[in-house]
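Numbering of ligands and ligand atoms starts at 1, following listing order.
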Amino acid sequence: MTKQTWALAVHGGAGTILRAKMTPEKEAAYHAALRRVLEAGQAVLRDGGLAIDAVTAAVVVLEDEPLFNAGRGAVYTSAGEQEMDAAVMDGRDRQAGAVAGIFGPRNPIRVARLVMDSPQVLLTGAPAVDLARAAGLPFGDRDYFFTEPRWTALQETMALRASGTAETDPARRHGTVGAVALDLSGNLAAATSTGGMTAKPPGRVGDSPVIGAGTFADNATCAVSGTGHGEIFIRWTAGAEIAARIRHAGQTLEQAATAVVMEDLMPNDGSGGVIAVDRAGNIAMPFNCEGMYRGTARRGEAPQTFIYR
Ligand code: ASP
């Protein structure tokens, strides 16, 4: 493959509904949503737009879609609030922007973009929300962000905790959305946005806004967006480790991403997966759990969406 290709991969989280609980209607709704997300990202890349704009556009659609745990449809903390994290990274110059623990802006990823264009990398809480307000970004209230399944998931998780029962259904815990892209000029970018994990303690920040953990992009290697047990992705520096394996060990994207997901994360309680793209347009999407909502598109190829293996 030459640089004259573009490639896009998106995910809607590794905490999929267990196959046993999936209905044909729900499955069709997830595939349709993922196709809309791919369409938004492709529209930018096809026209020669930047990878950073494509991943942002794709994640905005994922955040607006209540099926996924980001923006509208974000999960609840143990206090019944929603606290969102997001990050973007531009592989051209490793510019990065991230927000953590915010509520209000409909699209946390757009706030992360604002931070990227400031001298800071990571902004938390009220000042990040103020930045969004000053820029005139759209806001939502509790009703806008509310979804019945997320509220029910919180009640169920709290009840399980109270009874001392272990959490078994990943769909209740996880979710996150993300996109990685290669543009026609050979640039890579990554974007990730999440409500975090159901019943997380207030103030808890996951891997998504941590550069090098849940989000990473460098034109020299790859762009990565992760989804899964955030604490483990942070401790194993998942995104940076994939890039390091390519850079220093000469591994392919597939080898590097698979090794991190299967050999670093999985044995250490790090359930989840990543989507990754390299500068040749190769895409890797390994995960170590039952499913990961995901999709790919590449120049000259029909877009594809997947949920299970
Ligand atoms: N990684 C996210 C977090 O820990 C959650 C997820 O992707 O399921 O906040």
Side-chain angles (χ1 to χ4, degrees), residues 9-18 30 34 37 59 62-63 65 67-71 73-78 81-89 98-103 108-109 112 122 124 147 149-150 153-154 157 167-180 190-216 224-242 257 260-261 264-266 268-276 285-294 307:
V10 302
H11 73 79
T16 54
I17 296 175
L18 295 172
Y30 277 104
L34 288 167
V37 174
V59 168
L62 285 156
E63 288 176 332
E65 172 54 65
L67 284 174
F68 303 113
N69 170 20
V75 299
Y76 290 90
T77 68
S78 57
E81 306 288 340
Q82 288 159 306
E83 296 180 357
M84 301 170 206
D85 304 334
V88 287
M89 189 164 183
V99 291
I102 69 166
F103 177 82
I109 203 69
L122 173 57
T124 67
T147 55
R150 301 300 185 201
L154 174 64
T157 300
E167 178 68 82
T168 52
D169 185 349
R172 211 159 29 222
R173 280 176 81 185
H174 285 183
T176 278
V177 307
V180 293
T192 313
S193 180
T194 190
M197 292 172 74
T198 299
K200 66 183 180 180
R204 177 266 188 188
V205 175
D207 60 309
S208 309
V210 177
I211 300 304
T215 305
F216 186 76
V224 180
S225 172
T227 167
H229 189 169
E231 282 70 11
I232 312 304
F233 279 64
I234 295 173
R235 289 166 55 203
W236 266 263
T237 59
E241 178 66 21
I242 293 170
V260 169
V261 169
D264 289 350
L265 301 176
M266 188 161 76
N268 294 295
D269 194 28
S271 79
V274 302
I275 54 170
M285 301 191 291
F287 54 95
N288 60 32
C289 45
E290 187 166 315
M292 179 165 81
Y293 303 112
R294 61 203 188 280
I307 299 178

Next on the checklist: To the closest 0.5 Å, what do you measure between OG1 (T194) and CG (L62)?
Outcome noted: 11.5 Å
Item to check | Partners passing side-chain contact (heavy atoms from CB on, under 4.5 Å) against A213 (at least two apart in sequence or in another chain) | outcome: D207, V210, I234
Next on the checklist: Using the side-chain contact (heavy atoms from CB on, under 4.5 Å) criterion, which residues pair with T124? Sequence neighbours excluded.
Outcome noted: A100
Checklist entry - Sequence neighbours excluded, which residues qualify as side-chain hydrogen bond (donor to acceptor under 3.5 Å, both in side chains) partners of S225? => result H11, T192
Checklist entry - Under a 4.5 Å cut-off applied to non-hydrogen side-chain atoms, are T215 and P209 in contact? => result no
Between ligand 1 and the protein, which N/O pairs are shorter than 3.5 Å?
| residue | atom | partner | partner atom | Å |
| --- | --- | --- | --- | --- |
| ligand 1 | 1 (N) | D207 | OD1 | 2.6 |
| ligand 1 | 1 (N) | G228 | O | 2.7 |
| ligand 1 | 4 (O) | R204 | NH1 | 3.4 |
| ligand 1 | 4 (O) | R204 | NH2 | 2.8 |
| ligand 1 | 4 (O) | D207 | OD1 | 3.4 |
| ligand 1 | 4 (O) | G228 | O | 3.4 |
| ligand 1 | 4 (O) | G230 | N | 3.1 |
| ligand 1 | 7 (O) | G175 | O | 2.9 |
| ligand 1 | 7 (O) | T176 | OG1 | 2.6 |
| ligand 1 | 7 (O) | T227 | OG1 | 2.9 |
| ligand 1 | 7 (O) | G228 | N | 2.8 |
| ligand 1 | 8 (O) | G175 | N | 2.7 |
| ligand 1 | 8 (O) | G175 | O | 2.7 |
| ligand 1 | 9 (O) | R204 | NH1 | 2.8 |

Checklist entry - Would a 4.5 Å heavy-atom cut-off, applied to side chains only, mark Y293 and L67 as touching? => result no
